[in-house]
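Presented below is the structure to which this report refers.
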Amino acid sequence: MLDIKFIVENPQLVKNACKVKNEPDYVDEIIELQEKRCTLIAKRDSMRSKLNDFSKEISRLAQQKEDLTEIKTHAKEISDTVKVLENELKGIEEKRDLLLLKVPNIPRENVPEGTSDKDNVIIRQWGVQKQFDFKVKDHLQLNEMLKLFDPPTGAKLTGSFFPLYTDRGARLVRALINLMLDYHTHEGKYIEILPPIIANTESLIGSAQLPKLEDDMYKLNREEYFLIPTGEVPLINMHRNEMLKESDLPINYCAYTPCFRREAGSYGKETKGLIRLHQFNKVELVKFVHPDNSWKALEELLEDIEKILQLLELFYRINLLCTADLTFASAKTYDIEVWAPGTGKWLEVSSVSNTTDFQARRMNTRFRPKNGGKPQYVHTLNGSGTAIPRIIIAILENYQNNDGSITIPETLSKYYGDKLIEIQ
RNA sequence: GGAGGGGUGCCGGAGCGGUCGAACGGGACGGUCUCGAAAACCGUUGUCCCCUUUGGGGACCGAGGGUUCGAAUCCCUCCCCCUCCGCCA
C-alpha cells in the first residue's frame, strides 16, 4: 500500500505506475474520497468537541443535583449528529481503503521501462552451457526411464499437476530442501521457520496477494482461510502489527513450505511435467531491513540465492524485470533463470524483490529509530531460494548421461546419499 | 468437544459508567552524585487523524456493533490466549 499523502501529493507518479504495471487507475477517485474524508472529519471532530463540553457540563450539574432534562435533550441532538457524520465517514473510508489496496507499488531504482517480458534486461549469467555428444532428452523422457515422479497417480489422488514423487524422486526432493535450508541457515544468516501453510485473509492482504490474486489461490471452505501460494505469506506476516526495535534489524527468515497455486487460465502454457504445478515445494527467503539499506539488501538476497545454483553448478542468468513484468507489490525484481537443455528453455527458479515499505504499510510493521524519533515502516524483501521442481528439471536435463542416468552434482550427492540415479 | 478464567501503554499490573491517555511497579532515556560505574534521588517516557499548524481539536484500553449526554468500565457478536476435563497423531 502506498501512503495516501504520497498519492495526494504525487498523483501523476502513481498514475504512471498503474499504467506501466497494467493496473487500473483509481487515483482520481481516491483523491476525491480523501478530500471528502478530511472535510467530514473536521465537521465530526468539532461536533464531538462540543459534545464533550456538554458531557462535562452535565457531569458538573449532576453533582449539584440540578435538573438535567433540557441540557440532555440538547446533548442528545448533538450526539445524534455525530453518529450520522460517523456513518457517512465510515462509508467513505471503506471505499477509500478498498481502492488503496488496489494501487500497485511504484517501480524504482532504474527499473527498465517496458511493455512485455521482451523488455527485461539480462544483467549477467553464470556458468557454462553444457555441450552434449548425444541427443539430449527432456525431463519427461528421462522420467520415463528413471521413475522419479508419477503424474498419473498424483492425478488419481487429487488432480492433474499435483505430482507424486516416488522413491529416489522423493529422496531427491528432500535432499534439495535440506541442501538449501542448510546453506541459508549456516552461521545463523537466516533463521529457519516452519510456518503454517494455511493463511488467513489479513495475512494475504498484508503480503499483497489479496485482493488481486484471490482467484489464483485455493480457498478453504472456511471463508477466511487460504492455502499459501508461497512461503513469503507466513514469513512476511510474522511481524504484522508489531513495533520492532531498530537493533532487531535486519531480520532474515527462511522456510521450506509447499506452495499451492490454482494457475487459473494458464493451461496450455508450459503445462508439461514439472514446469507448472498446483502444488510444489519451495524454500523461501525473506528480509526485514532498515529503509536505508533495502537496495543493498536486494543485491545480497540475490547473491544468497545465486549461491545455491552455483553449489549445484547450474548455468543460470539474472533477469532484471522491466516495469510491465513487475509484480503488484514490487519496486524492483530480479528473476533467476536456469538453463534446461532438454526442454530448450530458461526456467524461472527464483524471483527476488524489494517491496520497499509497500507490504510493511499494509501490515503495519514498523520500527522505532534508535535515537528516539517517529516509528518508521521497515522495508521487506523476498526471494525464492529456490523452487524445487524446476531445479529438478534443470538437474535432470543438465546432468543426464547418454543412457538416461543422472550424475548427481557433488554438493547435492552428500545430501542425496548417492552419486548417480540409474535407469530402472 | 465440555467447563471456567482472561485480553489495558515498551513489559508486568490496577481501574469496572464522568475528575482515565489511564494508578502502581519494572524497563528505557535525561539529570544530580561519582575518577568512573553501581546504588540512591529528581525528571521524561505512546500511536494515529483533522484544522485557519511555534497553536487548537479529535480518536485509540483485542476487533466490530449496541445502550448512554458520557464507556477501558454495562450489553451483544467475533477473534485470540490460559487452566481443567474429554478425545487424539
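Lettering of chains follows the sequences in order, A, B, ..., and the numbering in each one begins at 1. Just so it is clear, the structure is predicted and the values come from calculations on it, not from any experiment.
Counting any heavy atom pair closer than 4.0 Å across all strands shown, A:Lys50 reaches no nucleic acid atom. Residue contacts shown for A:Leu51 are limited to sugar-phosphate atoms, with no base heavy atom under 4.0 Å away.
Of the two residues contacting RNA chain B, namely A:Lys43 and A:Met243, the nearest-nucleotide position lying further toward the 5' end is that of A:Met243. Mapping A:Ile58 and A:Arg44 onto RNA chain B by nearest heavy atom places A:Arg44 closer to the 5' end of the strand.
A salt bridge does not link A:Lys296 with A:Glu299: every distance from a Lys NZ or Arg NE/NH1/NH2 to an Asp or Glu carboxylate oxygen is 4.0 Å or more. Under a 4.0 Å N-O distance rule, the pair A:Arg171/A:Asp167 does not qualify as a salt bridge.
A:Gln376 has its CD atom 13 Å from the P atom of B:U47, to the nearest Å. Rounded to whole Å, the distance from CD1 on A:Ile205 to P on B:A63 is 17 Å. When rounded to the nearest whole Å, the span between NZ of A:Lys56 and P of B:G58 equals 7 Å. Remark: C1' of B:C10 and CD of A:Glu242 are 13 Å apart, rounded to the nearest angstrom. To the nearest angstrom, C1' of B:C10 lies 12 Å from CG of A:Asp248. If you take CG of A:Asn241 and P of B:U47, they are 16 Å apart, rounded to a whole angstrom. When the P atom of B:G70 is taken as reference, atom CD1 of A:Ile71 falls 13 Å away, rounded to whole Å. At whole-Å resolution of the value, CG in A:Leu244 and P in B:U47 are 15 Å apart.
On the C1' atoms, B:G21 is 16 Å away from B:G57, given to the nearest whole Å. Here the separation of B:C29 from B:C79, taken at their C1' atoms, is 36 Å to the nearest Å. A distance of about 36 Å separates the C1' atoms of B:C11 and B:G1, rounded to the whole Å. Nucleotides B:U44 and B:C49 are separated by 25 Å at their C1' atoms, to the nearest Å. When the P atom is used for both B:G56 and B:G66, the distance is 32 Å, rounded to whole Å. Separating the C1' atom of B:C75 from that of B:U68 is a span of 12 Å, rounded to the nearest Å. Nucleotides B:C78 and B:C10, compared at atom C1', are 28 Å apart to the nearest Å. With both ends at atom P, the span from B:C50 to B:U32 equals 40 Å, rounded to whole Å.
The nucleotide whose nearest atom lies closest to any side-chain atom of A:Ser55 is, among B:C49, B:G18, B:C80, B:G18. Out of B:G58, B:C69, B:C50, the shortest distance to the side chain of A:Ala42 is found at B:C50. For A:Ser79, whose side chain is taken as the heavy atoms from C-beta onward, the closest listed nucleotide among B:G70, B:C49, B:C51 is B:G70. Of all nucleotides listed (B:C69, B:U68, B:C49), B:U68 comes nearest to the side chain of A:Lys83. When distances are taken from the side chain of A:Arg48 to each of B:C69, B:A59, B:C51, the shortest belongs to B:A59.
In this structure, CZ on A:Arg108 lies 10.5 Å from CG on A:Leu326, to the nearest 0.5 angstrom. In this structure, CD in A:Glu192 is found 4.5 Å from CG in A:Leu181, a value given to the nearest 0.5 Å. Remark: A:Glu77 CD to A:Met47 CE distance equals 9.5 Å, nearest 0.5 Å.
One can find a donor-acceptor pair under 3.5 Å joining the base of B:G57 and the side-chain atoms of A:Asp45.
Checking the phosphate oxygens (OP1, OP2) of B:G57, no side-chain nitrogen or oxygen of A:Ser46 falls inside 4.0 Å. The side chain of A:Arg366 places an N or O atom within less than 4.0 Å of a non-bridging phosphate oxygen (OP1 or OP2) of B:C48. Look at A:Asn52 and you'll find a side-chain N or O under 4.0 angstrom from OP1 or OP2 of B:G58. For A:Arg37, a side-chain nitrogen or oxygen approaches OP1 or OP2 of B:C50 to under 4.0 Å. For B:G70, neither phosphate oxygen OP1 nor OP2 lies less than 4.0 angstrom from any side-chain nitrogen or oxygen of A:Lys76. The side chain of A:Gln34 places an N or O atom within less than 4.0 Å of a non-bridging phosphate oxygen (OP1 or OP2) of B:C50.
Of the possible polar contacts, none joining the A:Asp357 side chain to the A:Val378 backbone as a donor-acceptor pair under 3.5 Å is found.
For A:Asn110, the CG atom counts as loosely surrounded, since its 6.0 Å shell holds 12 or fewer non-hydrogen atoms of other residues, nucleotides or ligands.
Applying the side-chain hydrogen bond (donor to acceptor under 3.5 Å, both in side chains) test to pairs two or more places apart or on separate chains, those with a residue in residues 411-424 of chain A are A:Asp182-A:Tyr415. For residues 23-39 of chain A, the pairs satisfying salt bridge (Lys or Arg N to Asp or Glu O under 4.0 Å) are A:Lys15-A:Asp25, A:Lys15-A:Asp28, A:Glu23-A:Lys212, A:Arg37-A:Glu93, with sequence neighbours left out.
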* With side-chain contact (heavy atoms from CB on, under 4.5 Å) as the test, would you mind laying out the steps for A:His379 and A:His290 before giving the verdict? => CA-CA 6 Å; A:His379 280 195; A:His290 192 286; over 6 Å; no
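Counting only Watson-Crick or G-U wobble pairs whose defining distances are both under 3.5 Å, the stems of 3 or more consecutive pairs in RNA chain B are B:1-7 with B:79-85, B:10-12 with B:24-26, B:27-32 with B:40-45, B:46-51 with B:55-60, B:62-66 with B:74-78.
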